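Structure, as structure tokens:
Counting from 1, the numbers follow the sequence of the chain as shown. None of the values given here were measured: they were computed from a predicted structure. Atom set for the values below is all heavy atoms of this structure, side chains included, hydrogens, waters and symmetry mates excluded. For ligands, and for the atoms within them, numbers begin at 1 and follow the listed sequence.
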Amino acid sequence: MAMIWAEEAEEAVCKVPFFVRRRVKKHVEEEAARSGSGIVLLEHVHSCRKQFLEGKAMEIKGFQIETCFGASGCENRAVESDRLVKELEALLAERNIGAFLRERVSGPLKMHHEFRITLSDCPNACSRPQIADIGIIGARRPSMSDQSCLACGECVQVCREGAIEFVKGSGVRSLNLEKCVQCGKCLDACPTGTLREGARGRRILVGGKLGRHPQLGKELKGIYPDEGVPAVVERCLEMYFRYSEEGERLGAILNRVGCQAIIHEASHR
Ligand code: SF4
Ligand code: SF4
Ligand code: SF4
């Protein structure tokens, strides 16, 4: 059952960066429970902050997998990620990134050292996969079938990217895949099957990060089926283990050695 938070404790924890806020809140709630309090108070936030500064707060396991809220019933969801998340969690746990980082990083491990994979179930990208070591975005790419078009315009109504070339009275002429973000909304809207699913899977970005030199992840070419994603993650981890000198983020490594190896081996349809 969710704990009740005092207003000032809630305000204090809102200042924590969004990508670790969920974990920090959980830790503060555990601290409150340990102290026998039924309500989370500011003193629990301060106590956790002190522990964190002393480097003994949260267990640093070496990696984090974040998701969006698609699984809680978001209507925009293009793909489901539950199975893929479990698979990636097992893969990262098996590679023991925590032990690797403890060897490479001088001083105590901090959360910002952890290898981060972030999934979003549609191109709205609410969980911010662009700034993760590996960002994974759900995608459904439309293509045109032989079914005749009713010229109803439903697909044009739902496409926010202006990616559908439509002529009133005669219907859809073509799709502009340069503009299309592969959200799949037009597929759900089309009553005739004139627009059909050309590909379903994941867009993958590598090397995103925040910090002193922030950068967005670079997108690999194509859409990857779920079963192809772990191989890309493995490839990124190989680069990470081979080239990481002191536990720097994947993006910093790719800036140094280039991401040709990943792009070359991983590019998909
Ligand atoms: S990324 Fe898409 S599916 Fe996930 S919560 Fe946001 S809008 Fe919903
Ligand atoms: S998939 Fe989304 S962006 Fe692409 S054409 Fe359809 S509605 Fe537009
Ligand atoms: S492609 Fe489908 S949704 Fe779009 S105008 Fe034709 S019939 Fe309507």
Side-chain angles (χ1 to χ4, degrees), residues 17-23 25 64-89 116-206 208 210 216-217 219-226 229 268-269:
F18 71 90
F19 55 90
V20 292
R21 202 174 297 148
R22 216 183 312 179
R23 274 176 88 191
K25 282 189 87 163
Q64 286 300 319
I65 298 187
E66 299 279 338
T67 59
C68 71
F69 296 107
S72 57
C74 179
E75 60 175 19
N76 294 320
R77 205 175 193 198
V79 295
E80 294 182 7
S81 296
D82 316 25
R83 231 174 77 182
L84 182 58
V85 167
K86 283 200 180 84
E87 207 173 325
L88 294 179
E89 260 167 3
R116 188 163 288 117
I117 297 183
T118 302
L119 297 96
S120 281
D121 292 349
C122 88
N124 288 348
C126 299
S127 48
R128 310 192 196 196
Q130 303 91 338
I131 53 171
D133 293 298
I134 302 177
I136 299 175
I137 301 175
R140 289 171 74 204
R141 183 168 62 205
S143 67
M144 293 193 67
S145 75
D146 295 336
Q147 293 291 327
S148 48
C149 173
L150 286 181
C152 64
E154 292 292 330
C155 54
V156 182
Q157 290 284 324
V158 298
C159 181
R160 289 162 54 189
E161 311 304 322
I164 300 173
E165 196 195 330
F166 179 80
V167 177
K168 215 172 169 185
S170 66
V172 170
R173 287 266 177 81
S174 61
L175 298 169
N176 182 338
L177 294 179
E178 293 290 312
K179 288 185 178 174
C180 173
V181 294
Q182 303 165 359
C183 65
K185 287 281 182 188
C186 55
L187 298 168
D188 296 334
C190 180
T192 56
T194 308
L195 296 181
R196 66 175 171 84
E197 194 170 271
R200 175 194 286 245
R202 317 280 167 165
R203 291 161 53 200
I204 302 182
L205 290 75
V206 294
L210 286 177
L216 300 181
E219 184 162 346
L220 304 181
K221 196 163 161 267
I223 294 182
Y224 294 76
D226 281 11
V229 173
H268 213 267
R269 62 197 166 133

Proximal ligand 2 atoms for Glu161, defined as those under 4.0 Å from one of its heavy atoms: 3 (S)
As an exercise, identify every atom of ligand 3 less than 4.0 angstrom from a heavy atom of Pro191. 2 (Fe), 3 (S)
Going by the order shown, which atoms of ligand 1 are within less than 4.0 Å of some heavy atom of Ala125? 1 (S)
Subset of ligand 1 atoms that lie under 4.0 Å from at least one heavy atom of Arg77: 3 (S)
Should Leu175 be listed as contacting ligand 2, given a heavy-atom distance under 4.0 Å as the test? no
What closest approach, in Å, do Val181 and Arg203 show between heavy atoms, and which atom pair accounts for it? O-NH1, 3.4 Å
Do the non-hydrogen side-chain atoms of Arg200 and Ile223 ever get within less than 4.5 Å of each other? no
Student check: side-chain heavy atoms of Arg196 and Ser143 closer than 4.5 Å: yes
Before you tell me yes or no, could you show the steps for Leu175 and Cys180 under side chain to side chain contact (heavy atoms under 4.5 Å, CB included), namely the whole-Å CA-CA distance, both residues' side-chain angles and the distance that decides it to 0.1 Å? CA-CA 8 Å; Leu175 298 169; Cys180 173; over 6 Å; no
Which atoms of ligand 3 sit under 4.0 Å from any heavy atom of Thr192? 2 (Fe), 7 (S)
List ligand 1 atoms under 4.0 Å from Asn76, heavy atoms only on the residue side. 7 (S)
List ligand 3 atoms under 4.0 Å from Leu150, heavy atoms only on the residue side. 6 (Fe), 7 (S)
Looking only at heavy atoms, is any part of Ala78 under 4.0 Å from ligand 1, and if so is it the side chain, the backbone, or both, or is it neither? neither
Going by the atom numbers of ligand 2, which of them fall below 4.0 Å from some non-hydrogen atom of Gly184? 1 (S), 2 (Fe)
Residue-level breakdown please: for Pro142 versus ligand 2, do any non-hydrogen atoms fall below 4.0 Å on the side chain, on the backbone, on both, or on neither? side chain
Keeping Ser145 on the side-chain end and Leu195 on the backbone end, is there a donor-acceptor pair under 3.5 Å? no
Please identify which atoms of ligand 3 are closer than 4.0 Å to at least one heavy atom of Gly153. 5 (S), 8 (Fe)
So the atoms of ligand 2 within less than 4.0 Å of a heavy atom of Cys186 turn out to be 1 (S), 5 (S), 6 (Fe), 7 (S)
Top protein contact for atom 8 (Fe) of ligand 2, by heavy-atom distance: Cys159 SG, 2.4 Å
Sub-4.0 Å atoms of ligand 1 with respect to non-hydrogen atoms of Asp121: 3 (S), 4 (Fe)
Check whether any side-chain heavy atom of Glu75 lies under 4.5 Å from a side-chain heavy atom of Asp188, and answer yes or no. no
Does the side chain of Thr67 reach to within under 4.5 Å of the side chain of Ser81, using non-hydrogen atoms? no
List the closest protein heavy-atom neighbour of atom 5 (S) of ligand 1: residue, atom name, distance to the nearest 0.1 Å. Phe69 N, 3.6 Å
Start with the C-alpha distance between Ser120 and Ser127, add both sets of side-chain angles, then the distance that settles side chain to side chain donor-acceptor pair (under 3.5 Å), and finish with yes or no. CA-CA 6 Å; Ser120 281; Ser127 48; 2.6 Å; yes
For Cys155, the atoms of ligand 3 under 4.0 Å from one of its heavy atoms are 1 (S), 3 (S), 4 (Fe), 5 (S)
For ligand 2, which atoms, with element, lie under 4.0 Å from some heavy atom of Cys180? 1 (S), 3 (S), 4 (Fe), 5 (S)
Is the shortest heavy-atom distance from the side chain of Asn176 to the side chain of Glu165 under 4.5 Å? no
Going by an N to O cut-off under 4.0 Å, is there a salt bridge joining Arg116 and Glu66? no
Nearest protein heavy atom to atom 6 (Fe) of ligand 3, by residue and atom, and its distance? Cys149 SG, 2.3 Å
Indicate yes or no: at least one non-hydrogen side-chain atom of Ile136 is less than 4.5 angstrom from one of Leu88. yes
So if I count the atoms of ligand 3 from 1 in the order they appear, which ones are less than 4.0 Å from some heavy atom of Leu195? 1 (S)
May I ask you to identify the nearest protein heavy atom to atom 4 (Fe) of ligand 1, giving residue, atom name and distance to one decimal place in Å? Cys68 SG, 2.4 Å
What protein heavy atom sits nearest atom 1 (S) of ligand 1, and how far away is it? Cys126 N, 3.4 Å
May I ask you to test the Cys74-Asp121 pair for a side-chain heavy-atom distance under 4.5 Å? no
So Lys185 and Asn76, do their side chains get closer than 4.5 Å, heavy atoms only? yes
Is atom 6 (Fe) of ligand 1 under 2.8 Å from any N, O or S atom of Cys74? no
Ligand-side contact atoms (ligand 3) for residue partner Phe166, heavy atom cut-off under 4.0 Å: 5 (S)
Separation of Leu205 CG from Asp133 CG (nearest 0.5 Å): 12.0 Å
Electrostatic pair Glu161:Lys179 at N-O distance under 4.0 angstrom: no
Starting from atom 2 (Fe) of ligand 2, which protein heavy atom do you reach first, and at what distance in Å? Cys183 SG, 2.3 Å
In ligand 3, the atoms that come under 4.0 Å of a heavy atom of Cys152 are 3 (S), 5 (S), 7 (S), 8 (Fe)
